[in-house]
Amino acid sequence: MRRAIRLEFRKIRRLRTFLITAILVLAVAGLSSFSLFAGSTKESFTDPDAMPWADLMVTYTLMAAMTSPILAAVLASRQTDIEHSGTGWTLASTAGYSPGVLCRAKLVALSTVLLPAVIVQTLLVIGIGLFAGIRVPLDPGPWVLYTGLLLLIDVAFLALHIWLAAVVENQLVSVGVGVLGAFLGVFTLLTSTAVARLIPWGYYAMISPIGQQGDRLVYLTPPFGWIAGFLILVGIVFAVATRRLDRIER
Amino acid sequence: MTSVITTRGLTKQFKTHTAVDSLNLDVPQGHVYGFLGPNGSGKSTTMKMILGLTQPTSGDIKVLGEPLTRASRTKLLPSIGSMIEAPPGYGHLTGRENMRIVQDMLDLSTPQIDHALATVRLTEQQHKLVRNYSLGMKQRLGIAMALARDPALLILDEPTNGLDPAGIEEIRMLLVDLAGRGITVMVSSHLLDEIDKMASVLGILSSGKMIFQGSRDQLFEQSVPDLIIETSDPHAALAQGLTATRVPEGIRMSGIDKDQTAKVIYQLAVAGVPIYEVRRVAQSLEDVFMDLTGRGGLL
């Protein structure tokens, strides 16, 4: 498996994976903090009751829900499509690497790319917040929690998109599902948790540690049980689906 | 002759269609085995089963003396180079980078990669992106990928597909050279001409069935060439009730053996039909192939 992962890193070359990830990270960070530079917002930067960091996190959650499904779909699609176009499935099979092994290796390789990307994305949002002038002390807990959960949900969607891109040769399908997921991710931020937990992309909303009580923003504990259940379910589905891929005769 | 590949009763059935039907294949060691058949006759499916890429519905496969199983496949794969259906190669990488992937996959040494590239004469083009390769270069890269592991057996599915005559000749010389070095080569094609000059043993598949297996000479023996009877009075010859067609020089008869030929000549001579010459049509291997595949497994 370690060798298969190393092979995926060899294949990443020239796929512009790092460039695409960097552009989306910068876009999320930029769009999340755009409102910080509005004159009316600046007044809240020194008022702890105005919760400027929580405000910033709400925008960040929205932008992440909007872009993360697309990023997962695009990265997975690019890394998997090369196996279709380059007869890579057959090449690997004749060297003893089954399609299932390739898919699992792709997941590990792309997750390794996403890990620093999501961390940098959060740090950029916080950094821009500080640069814009937020002087209220930052409570790192919700930010660390959200970043960790965002990474896990991103990995889950990477897994689903790798499988989809492997099964359906037309990559418009995988990317199209990612775009649809972006809409659903934003939509579920505006609906109740009961609805969000039933929609896979709703978990981008479920992991938000920010909620609203009346007119006020409050920090919440995300529903860990549901989130863990979703991640375990995706893990099982991916394990079974990639094993079944080995039986597909191309 | 030791067989490197042996199949017995090999069958592959897809829902309602039998792609390969009770195939008994014997690929002798150190030869170029030409695996011929029209498109859709089951050549690729057979090769995929031999490589363990497709599971047979029934039958046995022995490769390099070992029955092909899940366990033995892992052990056998490093000794089998292959190129199935389309030449592999990641277009966004250079030829060299593609070879590095194969090197990592199979734990090969750098000299092995260099040697494989040199064998297919891609050393100078190795740093070009594969997407910018011509079809011939892609085919050669695919062969280099198969060759890099120094295989005992090379299985190539239509390696000359889409190549120009010079490219075909180049691949042909390469495969003959490899066989000369003791590598058993199984090569498929739907074009007989491509195989004719390199294969020492032929297997002909039609509708999933093996209709011939043996040497070129044995193949000729399987087919009776048409008989031309040169006469100035073909009308009188045809009036004798013979199943024949008119040709400029007289009449032409199909599928008649030596005894039947003697009887026809006697009959015409008795009837007073002038006979100037009786000869067999010079038959190309292509004619024999068409004859056999056209008859769809009657042999």
Side-chain angles (χ1 to χ4, degrees), chain A residues 1-20 74-106 108-110 113 162 165-166 169 171 243-250, chain B residues 12 14 19 44-45 47-57 70-71 73-94 96-108 129-131 133 138 141-142 145-146 148-149 151 153-157:
Chain A
M1 184 65 180
R2 201 176 295 172
R3 188 173 286 183
I5 296 165
R6 199 167 65 214
L7 289 171
E8 291 309 316
F9 278 110
R10 284 206 182 280
K11 295 177 201 168
I12 276 182
R13 213 172 166 191
R14 290 199 202 88
L15 282 180
R16 301 202 177 96
T17 298
F18 299 106
L19 179 68
I20 292 167
V74 170
L75 295 188
S77 167
R78 290 182 71 81
Q79 191 71 21
T80 311
D81 185 39
I82 54 173
E83 307 300 345
H84 295 299
S85 59
T87 328
W89 303 118
T90 309
L91 173 69
S93 287
T94 57
Y97 298 84
S98 68
V101 169
L102 286 196
C103 285
R104 290 189 282 275
K106 284 178 196 298
V108 176
L110 291 177
V113 175
I162 287 170
E169 240 178 272
Q171 297 306 307
R243 195 153 293 186
R244 278 185 64 86
L245 270 182
D246 294 348
R247 291 205 289 269
I248 293 180
E249 294 180 349
R250 291 174 196 274
Chain B
K12 179 68 184 179
F14 297 106
S44 298
T45 308
M47 289 178 145
K48 283 181 181 175
M49 285 193 284
I50 291 167
L51 287 165
L53 298 173
T54 295
Q55 289 303 307
T57 308
R70 245 173 232 280
R73 182 177 180 265
T74 314
K75 204 171 76 180
L76 288 168
L77 281 177
S79 309
I80 309 170
S82 62
M83 187 173 83
I84 297 294
E85 283 179 339
Y90 298 105
H92 66 291
L93 300 177
T94 65
R96 180 82 197 180
E97 286 163 352
N98 271 280
M99 290 302 285
R100 285 297 302 270
I101 287 176
V102 174
Q103 182 178 2
D104 273 2
M105 272 180 179
L106 295 160
D107 207 12
L108 305 175
L129 291 182
V130 168
R131 77 162 76 99
Y133 275 17
K138 283 180 187 165
L141 178 67
M145 286 174 165
R149 64 192 85 183
L153 170 64
L154 198 56
I155 297 178
L156 303 173
D157 188 13

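Below, chains carry the letters A, B, ... as their sequence lines are ordered, and counting in each starts from 1. Only heavy atoms go into these numbers, but all of them, side chains included; no hydrogens, no water, no symmetry mates.
With rounding to the nearest 0.5 Å, the separation of CG in B/Leu93 from CG in A/Leu15 is 7.0 Å. Atom CZ of A/Arg10 sits about 7.5 Å away from atom CD of B/Gln103, to the nearest 0.5 Å. In this structure, CG in B/Leu106 is found 7.0 Å from OH in A/Tyr97, a value given to the nearest 0.5 Å.
For the options B/Ala86, B/Gly89, B/Gly81, heavy-atom pairs under 4.5 Å to chain A are most numerous at B/Gly89. Among A/Ser85, A/Ser98, A/Ala95, the residue with the largest count of heavy-atom pairs under 4.5 Å with chain B is A/Ala95.
Heavy atoms only, all atoms of each residue included: B/Leu53 and A/Ser93 are closest at CD2-CB, 3.2 Å. Contact detail for B/Leu77 and A/Gly96: the closest heavy-atom pair is CD1-N, 3.6 Å. Taking each heavy atom of B/Ser82 and A/Thr94 in turn, the nearest pair found is OG-CG2, 3.2 Å. The nearest pair of heavy atoms linking B/Pro88 to A/Leu91 is CB-CB, 4.0 Å. A pairwise comparison of heavy atoms in A/Ala92 and B/Met105 identifies CA-CE, 3.8 Å as the closest pair.
Using a 4.5 Å cut-off between heavy atoms, B/Met145 contacts chain A through its side chain alone, with no backbone atom that close. For a residue to count as touching a neighbouring chain, one of its non-hydrogen atoms must lie under 4.5 Å from one of that chain's; by this rule A/Ala4 does not touch chain B. Both the backbone and the side chain of B/Thr94 have a heavy atom closer than 4.5 Å to some heavy atom of chain A. B/Arg73 touches chain A through its side chain: at least one heavy atom from C-beta onward sits under 4.5 Å away, while N, CA, C and O do not. Contact of A/Arg13 with chain B is made through backbone and side chain together, with heavy-atom distances under 4.5 Å. Of the atoms belonging to B/Asp107, heavy atoms from both backbone and side chain fall under 4.5 Å from chain A. Interface remark: B/Pro78 contributes no atoms to any contact with chain A (heavy atom separation under 4.5 Å). Contact annotation for B/Ile155: neither backbone nor side-chain heavy atoms come within less than 4.5 Å of a heavy atom of chain A.
Judged by distance alone, the side chain of B/Tyr90 and the main-chain N or O of A/Ile82 form no donor-acceptor pair under 3.5 Å.
Looking at heavy atoms from C-beta onward, A/Thr87 lies out of side-chain contact with B/Glu85 at the 4.5 angstrom threshold.
Checked against B/Asp104 for a salt bridge (charged side-chain N to carboxylate O under 4.0 Å, His left out), the options A/Arg3, A/Arg6, A/Arg2 give a single hit: A/Arg6.
Annotation for A/Arg14: atom CZ counts as buried by contact number, over 12 foreign heavy atoms lying within 6.0 Å.
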